[in-house]
Enquirer: 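My questions all concern the structure below.
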Number of protein chains: 2
Amino acid sequence: MEGSAPRRTRIQQEKRELILEAALEVFSANGFRGSTIDQIAEAAGMSKPNLLYYFRRKEDIHETLMQRLLDTWLAPLRELDDIGDPLTELRSYIRRKLEMARDFPRESRLFANEILQGAPRIMPMLEGDLKTLVDEKATVIKGWMRAGKIARTDPWHLIFSIWATTQHYADFDVQVRAVLGADRGGNGRFEDAARFLEQLFLDGLKPKG
Amino acid sequence: MEGSAPRRTRIQQEKRELILEAALEVFSANGFRGSTIDQIAEAAGMSKPNLLYYFRRKEDIHETLMQRLLDTWLAPLRELDDIGDPLTELRSYIRRKLEMARDFPRESRLFANEILQGAPRIMPMLEGDLKTLVDEKATVIKGWMRAGKIARTDPWHLIFSIWATTQHYADFDVQVRAVLGADRGGNGRFEDAARFLEQLFLDGLKPKG
DNA sequence: CTAACGTTTGTCCAACCGGTCAAAATTTTG
DNA sequence: CAAAATTTTGACCGGTTGGACAAACGTTAG
């Protein structure tokens with residue numbers, strides 16, 4: 001048994017990777033409809049018909065990209081576990097999400113683009129796997145609240161707020177850099193963000209007293 | 001002196017409004033390149049050549065829309081003022097931003113689309129007016145911190161986090177609704193979000209001791 | 001009424017875009 | 001090496017899209 005996946009030669013493996021890398025660059029910058037096959041082909045260093053030899057349709061590239069993305073994208077949340085100190089767990093989840101925004105901004109923007117357009121291609125996944133996962137983690141968080149380990153709030157909105165604040169640094173990167181200016185908007189901005197978010201999520205804004 | 005703006009008849013005023021409303025609907029749902037003049041014309045109840053009589057180019061519609069948007073979009077931040085209790089000021093800023101996400105989600109998505117694509121059309125504004133405004137408000141917030149009215153943190157990232165968390169409910173609305181499900185994802189979700197965000201920004205997640 | 005002006009429409013065009021196809025070039029295999 | 005299989009390319013196609021344009025239609029003022 002070779003499995004149901006199509007058999008692929010070495011060249012196919014390599015060229016497909018090349019195309020996916022190029023497509024990630026182009027799609028994340030211009031959105032699906034804003035990107036052309038020619039752009040992707042050029043970014044991958046090949047001709048359009050050649051690219052279409054490896055992916056029959058533009059949608060196939062996008063779909064493959066999206067499937068891969070979702071796996072790795074939700075990994076940090078999957079790791080949020082019941083073992084260990086709750087506040088530490090949450091803090092490291094926030095940190096990992098922020099690192100992903102820093103290291104994989106294109107993936108974040110690809111995802112944001114898809115959601116902004118109404119998630120036409122991944123709606124079933126949102127209502128299925130994603131909802132299941134979030135519900136599961138919400139239960140874990142609720143347990144922490146009942147045990148008095150963290151303050152009582154809405155676990156779903158807590159997760160949303162972590163997604164929102166961390167992904168903001170990838171999706172709205174140009175705005176963040178423009179507002180921070182040349183000095184504060186340099187490479188240190190992610191460490192500043194990490195420090196700020198840690199304080200926000202742990203202590204809020206009330207002055208200590 | 002009539003000013004430098006082109007003289008417009010009553011019909012022009014009305015039709016232009018009609019077109020802008022239709023274009024907001026279409027652009028915010030499909031992005032700039034994902035939208036066609038035909039779509040906008042149909043949504044506005046007129047023919048394509050007729051629409052092009054009022055706006056010579058597709059870009060002109062988008063530009064007009066964007067200029068109007070920016071004025072109203074930053075109004076809540078402009079109102080953040082030094083008079084009144086700092087924590088109350090911040091709380092009401094958050095509430096107002098969340099209300100805007102609820103009441104003007106199309107505007108939020110239009111803006112998000114523009115930023116995601118690298119803000120090609122509004123970059124000067126981000127580096128100019130927006131940066132100036134944010135820097136100004138950051139100074140106000142710093143004053144509050146020096147006076148011990150709120151905890152010490154980075155004011156710029158504080159503003160980013162408010163933008164991120166509130167706009168998330170407009171930009172990622174489909175995801176929010178999908179994850180919350182039919183019951184919790186109903187109209188009450190904005191009130192839940194308001195309650196959660198108030199707690200997050202004021203007290204954080206540490207359990208009360 | 002009619003001339004001037006503003007509005008609307010049908011037709012058309014050139015550029016672009018996703019995708020096909022057959023033939024040529026290359027690589028793999030016996 | 002030679003046949004078979006795979007990869008690459010140039011030419012092409014039909015549909016879409018942004019936009020031009022002139023003619024027709026409607027409105028308003030003298």
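Worth saying up front: this structure is predicted, and the values here are computed from it rather than measured. Every chain is numbered from 1, with letters handed out A, B, ... down the list of sequences.
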Enquirer: So does Glu136(A) pair up with Lys131(A), basic N to acidic O under 4.0 Å?
Expert: no
Enquirer: Any carboxylate oxygen within less than 4.0 angstrom of a Lys/Arg side-chain nitrogen, looking at Glu79(A) and Lys137(A)?
Expert: no
Enquirer: Return the residues of residues 43-55 of chain B meeting this criterion: a heavy atom under 4.0 Å from some atom of DNA chain C. Order them by number, or give none.
Expert: Ser47(B), Pro49(B), Asn50(B), Tyr53(B), Tyr54(B)
Enquirer: Sort and list the pairs that fulfil salt bridge (charged side-chain N to carboxylate O under 4.0 Å, His left out) and have at least one residue in residues 152-171 of chain B, not counting sequence neighbours.
Expert: none
Enquirer: Going 5' to 3' along DNA chain D, which are the first and last nucleotides with any atom under 4.0 Å from a heavy atom of chain B?
Expert: dT17(D) to dC21(D)
Enquirer: Please work out whether the ring planes of His157(B) and Phe160(B) are parallel, tilted or perpendicular, with thresholds of 30° and 60°.
Expert: perpendicular
Enquirer: Taking the six-membered ring of Tyr169(A) as reference, does the NZ or CZ atom of Arg189(A) fall below 6.0 Å from its centre and within a 45° cone about the axis?
Expert: no
Enquirer: Applying side chain to side chain donor-acceptor pair (under 3.5 Å), name anything that partners Arg78(A), two or more places apart in sequence or on another chain.
Expert: none
Enquirer: What is the distance from NZ of Lys58(A) to C1' of dC16(C), rounded to the nearest Å?
Expert: 12 Å
Enquirer: Think Gln12(B) has a side-chain N or O under 4.0 angstrom from the OP1 or OP2 of dG6(C)?
Expert: no
Enquirer: Residues of residues 21-31 of chain B with any non-hydrogen atom less than 4.0 angstrom from an atom of DNA chain C: list those, numerically ordered, please.
Expert: none
Enquirer: Please identify each residue that fulfils ring-ring contact (aromatic ring centres under 6.0 Å, His included) with Phe201(A), with sequence neighbours left out.
Expert: none
Enquirer: Does Phe32(A) have Arg121(A) sitting over its ring (NZ/CZ under 6.0 Å from centre, angle to axis within 45°)?
Expert: yes
Enquirer: Around Phe104(A), counting heavy atoms of other residues, nucleotides and ligands shown, do more than 12 lie under 6.0 Å from its CZ?
Expert: no
Enquirer: Whole Å only: how far is the CG atom of Leu18(B) from the C1' atom of dT7(C)?
Expert: 15 Å
Enquirer: Here's a test for you: under side-chain contact (heavy atoms from CB on, under 4.5 Å), which of Arg109(A), Glu107(A), Arg68(A) qualifies with Leu24(A)?
Expert: Glu107(A)
